[in-house]
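As the structure lists them, so they are numbered: ligands from 1, and atoms in each ligand from 1.
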Amino acid sequence: MKVKINNKEYEFQEELSILDAVKKAHIIIPTLCYSEKLKPFGSCRLCSVEIKGERTLKPACVTKISNGMEIYTHSEKVRKVRSTIMELIIASHGISCNLNCLTCPKSSSCEIKVIAEEIGIMEVRIPTISSKIPEDRSSYSIVREPQKCIVCDRCVRKCAEVQSVNILTIANRGPDTYVTTFLDKGMGNVDCVNCGQCVIECPTGALHEVYQTDQVWNVISDNSKYVIVQTAPAVRVAIAEEFGAEPGRIVTKQLVAGLRLLGFDKVFDTNFAADLTIMEEASEFLERFKNGGKLPLFTSCSPGWIKFIEHNYPEFLDNLSTCKSPQQMFGAIAKTYYADKIGIPREDMIVVSIMPCTAKKYERVRPEMKGDVDYVLTTRELAKMFKLAGIDLLNLPSEEYDEPLGITTGAAAIFGATGGVMEAALRTAYEVITGKNLERLDFESVRGIEGIKEAVIEIDGLKLNVAVVNGLGNARKMLDMIKNGEKDYHFIEFMACPGGCIGGGGQPIPTTKEILSKRMKAIYEIDKSFEIRKSHENPAIQALYKEFLGEPLSEKSHELLHTTYIA
Ligand code: HC0
């Protein structure tokens with residue numbers, strides 16, 4: 001197809017949208033309702049272009065190129081219309097108020113701000129129209145501020161198309177259009193799984209996590225409390241982006257130094273508990289496998305996934321591992337074993353988690369978790385705390401985690417990427433089953449960003465059918481296939497977010513496919529950098545069993561490290 005773009009001729013082999021064709025010509029058209037991961041919607045009209053012979057402008061995202069088409073992406077007419085559309089977007093959603101911008105928590109990732117500058121908006125001639133829809137603070141994880149919403153529908157589509165959760169919808173028409181939940185009940189009162197993928201997708205500050213930074217500042221400065229912090233595997237490969245670094249920059253040791261500067265009494269690692277999870281979960285799998293227990297075994301560390309299965313597939317709850325997530329196992333061990341070891345009463349110990357995940361805020365308050373963890377901050381919230389304290393994260397000296405709950409392995413590091421929990425479990429299961437040393441540690445077949453991966457792993461003549469699933473839309477597909485008898489596995493890893501925790505709802509924005517790949521590469525680099533790369537070889541875990549738990553699946557383990565689910 002021959003197409004002219006801004007008077008220059010191009011040839012395309014496929015039937016592309018104008019937006020994709022123009023991208024190939026290295027021309028940037030502003031978009032708001034468009035997102036690379038979602039079906040085009042064509043509602044904001046910012047990408048409108050002029051086509052020779054057409055009376056009206058056409059949205060580039062939903063209009064296909066055709067042979068002989070002549071497109072003008074930045075003609076005077078286009079520029080004027082785009083500028084008016086943008087002014088309307090700014091005015092009708094109350095964000096033209098400077099004060100809002102200055103105090104908006106998502107100001108640094110606001111797409112409206114960037115586009116307004118690109119289009120050259122110098123003034124808004126239309127008076128601000130404020131939304132009367134009240135804020136939604138019903139969820140433990142996510143806040144909705146409708147007055148900042150531009151009704152681009154990206155959150156609605158992300159929730160439906162990628163996560164298949166479908167709790168957001170558009171209500172009303174015309175200027176009264178707004179995004180809401182079923183009967184305006186609020187996100188905390190519908191089947192929201194708290195994954196925060198809507199927050200990652202939102203181009204403005206209309207969706208963000210429930211902030212807990214104030215509470216954490218308060219406990220840090222309370223001398224009567226012993227405040228310890230744990231950092232999730234995926235935070236160390238992403239937080240640097242909040243400081244302008246290239247995605248995938250590993251700042252584990254600077255992260256530790258920064259947390260000490262903030263004033264935490266001890267800086268520990270969720271990875272320690274990830275190793276502990278492998279001890280319990282691999283043992284649970286082997287026990288079910290040998291004794292005819294319920295299979296396939298589903299992993300249980302992603303709280304968005306747990307809520308999804310509880311709401312949508314209760315018939316599969318017995319397939320879920322009873323293991324708590326590493327975040328919760330960490331809290332349980334810190335407030336018993338570690339508190340006793342250093343002579344601190346449990347009630348004086350405060351456990352703060354730094355997570356890439358908004359659902360961890362909800363997981364913390366589940367009644368079965370018995371207060372193991374006190375506060376959960378996302379990667380973005382921690383970056384805000386560092387900035388507020390004047391901490392220059394990228395240039396801090398390297399520091400090591402405290403012992404013993406900061407001693408970890410390469411196996412734990414890979415939990416942060418889809419396939420990591422499975423690979424870590426296989427490294428341990430192999431050695432437990434065979435009694436032999438596993439030479440080749442890299443199970444490449446379960447790695448990578450694809451939504452569903454399958455592999456047959458041979459251990460001593462035993463063939464294990466395993467699968468790895470990320471993103472809840474893919475989880476739904478997988479569960480339906482199992483239900484219909486199309487698939488049969490022994491063990492499946494599920495993670496709620498695309499890419500696993502590296503793509504969690506609390507991670508830096510943007511989180512694109514390309515950024516996910518860079519974070520994932522960094523996760524495997526961390527694994528390689530460890531001398532010990534198998535969870536059962538972690539000396540601090542070995543000591544924990546010897547001194548306190550006895551053995552995996554012991555009575556004490558069950559009391560502290562295992563949980564139940566709600567149908
Ligand atoms: Fe994850 Fe986890 S790997 S869920 O993604 O298992 O959030 O990073 O912390 O708990 O370890 C998130 C990440 C964790 C937990 C761990 C698991």
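Distances shorter than 2.8 Å separate atom 1 (Fe) of ligand 1 from the protein N/O/S atoms Cys501 SG.
Put simply, the residue from Leu168, Ile167, Val165 that forms a side chain to side chain contact (heavy atoms under 4.5 Å, CB included) with Val190 is Ile167.
Atom CZ of Phe268 and atom CD of Gln230 lie 10.5 Å apart (nearest 0.5 Å).
Ion pairing between Lys37 and Glu201 holds under the 4.0 Å rule for side-chain N and carboxylate O. The residues Arg366 and Asp372 are annotated as not salt-bridged, no charged nitrogen and carboxylate oxygen being separated by less than 4.0 angstrom.
Residues satisfying the side-chain contact (heavy atoms from CB on, under 4.5 Å) criterion with Pro247, sequence neighbours excluded, are Glu241, Ile515, Lys518.
Around NZ of Lys384, the count of heavy atoms belonging to other residues, nucleotides or ligands within 6.0 Å exceeds 12.
For ligand 1, the atoms lying closer than 4.0 Å to a non-hydrogen atom of Ala274 are 11 (O).
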